[in-house]
Structures are given as C-alpha cells and as structure tokens.
Amino acid sequence: MTAQTDTSGSVTAVYKVTGMSCGHCEGSVSGEISQIPGVSSVKAVASTGEVTVVSEAPLDDEAVRAAVDEAGFELAGRA
C-alpha cells in the first residue's frame, strides 16, 4: 500500500508489526514511532498487528523500522 494524502495535507500509512500481543505492546510501538519528526498520531492494534501513522509527509520506512525495533518488535512492511 502506498501512503495516502488526505484533505488536511497529512499522510496516512498503515504498517504491519509482528509480535504485539497486548496494550503495553501497542503503547511501546506507538511511543517509539511518535518520536519520529513529523508524526502527528499513531494507533497500534495488537489484535491485527496494524499500526496506523499520520504524519506531515511520507515517512522513511527505515526510520519506522528502527523505531519498531527499538520497541522490541519487527516491522513486517506496509499493510
């Protein structure tokens, strides 16, 4: 899936993350990705493994991968 731009000028991307199993996992992943410059919101859902990220501009996938790794999980790619 490619990044989508909505009417407010922000970009929404959905990533697949493996290993999340609970709310604490969601918080860890969200917290790390939130630190990437330009990110305005992050919603992680452990049951689906999907992480929805809204940012000012498209994010570098390697920056997202590094943030997910820092949280202790693995980025499987875009959903």
Side-chain angles (χ1 to χ4, degrees):
M1 177 179 142
T2 58
Q4 300 174 343
T5 304
D6 64 33
T7 56
S8 67
S10 61
V11 177
T12 301
V14 180
Y15 299 92
K16 283 296 259 185
V17 174
T18 58
M20 293 190 300
S21 60
C22 64
H24 183 266
C25 299
E26 294 170 347
S28 294
V29 170
S30 295
E32 290 295 334
I33 293 175
S34 293
Q35 294 179 34
I36 298 172
V39 171
S40 55
S41 74
V42 181
K43 180 178 181 185
V45 180
S47 62
T48 63
E50 291 189 347
V51 180
T52 304
V53 182
V54 179
S55 57
E56 296 170 356
L59 297 176
D60 176 49
D61 285 345
E62 287 308 308
V64 176
R65 184 176 308 282
V68 170
D69 286 348
E70 184 66 27
F73 301 94
E74 183 178 342
L75 180 66
R78 292 197 184 222

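- Between Val39 and Ser34 the shortest heavy-atom distance is CG1-CA, 4.1 Å.
- Residue pairs meeting the salt bridge (Lys or Arg N to Asp or Glu O under 4.0 Å) criterion with at least one member in residues 49-62, sequence neighbours excluded: Asp61-Arg78, Glu62-Arg65.
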Going through the checks in order, is the side chain to side chain contact (heavy atoms under 4.5 Å, CB included) test met by Val51 and Val42? CA-CA 7 Å; Val51 180; Val42 181; 3.7 Å; yes

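- For Ser47, the side chain to side chain contact (heavy atoms under 4.5 Å, CB included) partners are Val45, not counting sequence neighbours.
- The NZ atom of Lys16 lies 5.5 Å from the OG1 atom of Thr48; values are rounded to the nearest 0.5 Å.
- The CD1 atom of Ile33 lies 10.0 Å from the OG1 atom of Thr52; values are rounded to the nearest 0.5 Å.
- Ser40 pairs by the side chain to side chain contact (heavy atoms under 4.5 Å, CB included) definition with Val54, not counting sequence neighbours.
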Please list every donor-acceptor pair under 3.5 Å in which a side-chain atom of residues 19-29 meets a protein atom from a residue at least two apart or in another chain.
{"from": "Glu26", "atom 1": "OE2", "to": "Ala46", "atom 2": "N", "distance (Å)": "2.7"}
{"from": "Ser28", "atom 1": "OG", "to": "His24", "atom 2": "O", "distance (Å)": "3.1"}

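- Counting heavy atoms from C-beta outward, Leu59 and Val53 have side chains that approach closer than 4.5 Å.
- Counting only heavy atoms from C-beta outward, the side chains of Tyr15 and Val64 approach each other to under 4.5 Å.
- Considering all non-hydrogen atoms of both residues, Ile36 and Ala63 come closest at CD1-O, 3.7 Å.
- Under the rule for a side chain to side chain contact (heavy atoms under 4.5 Å, CB included), Ala57 has no partner lying at least two apart in sequence or in another chain.
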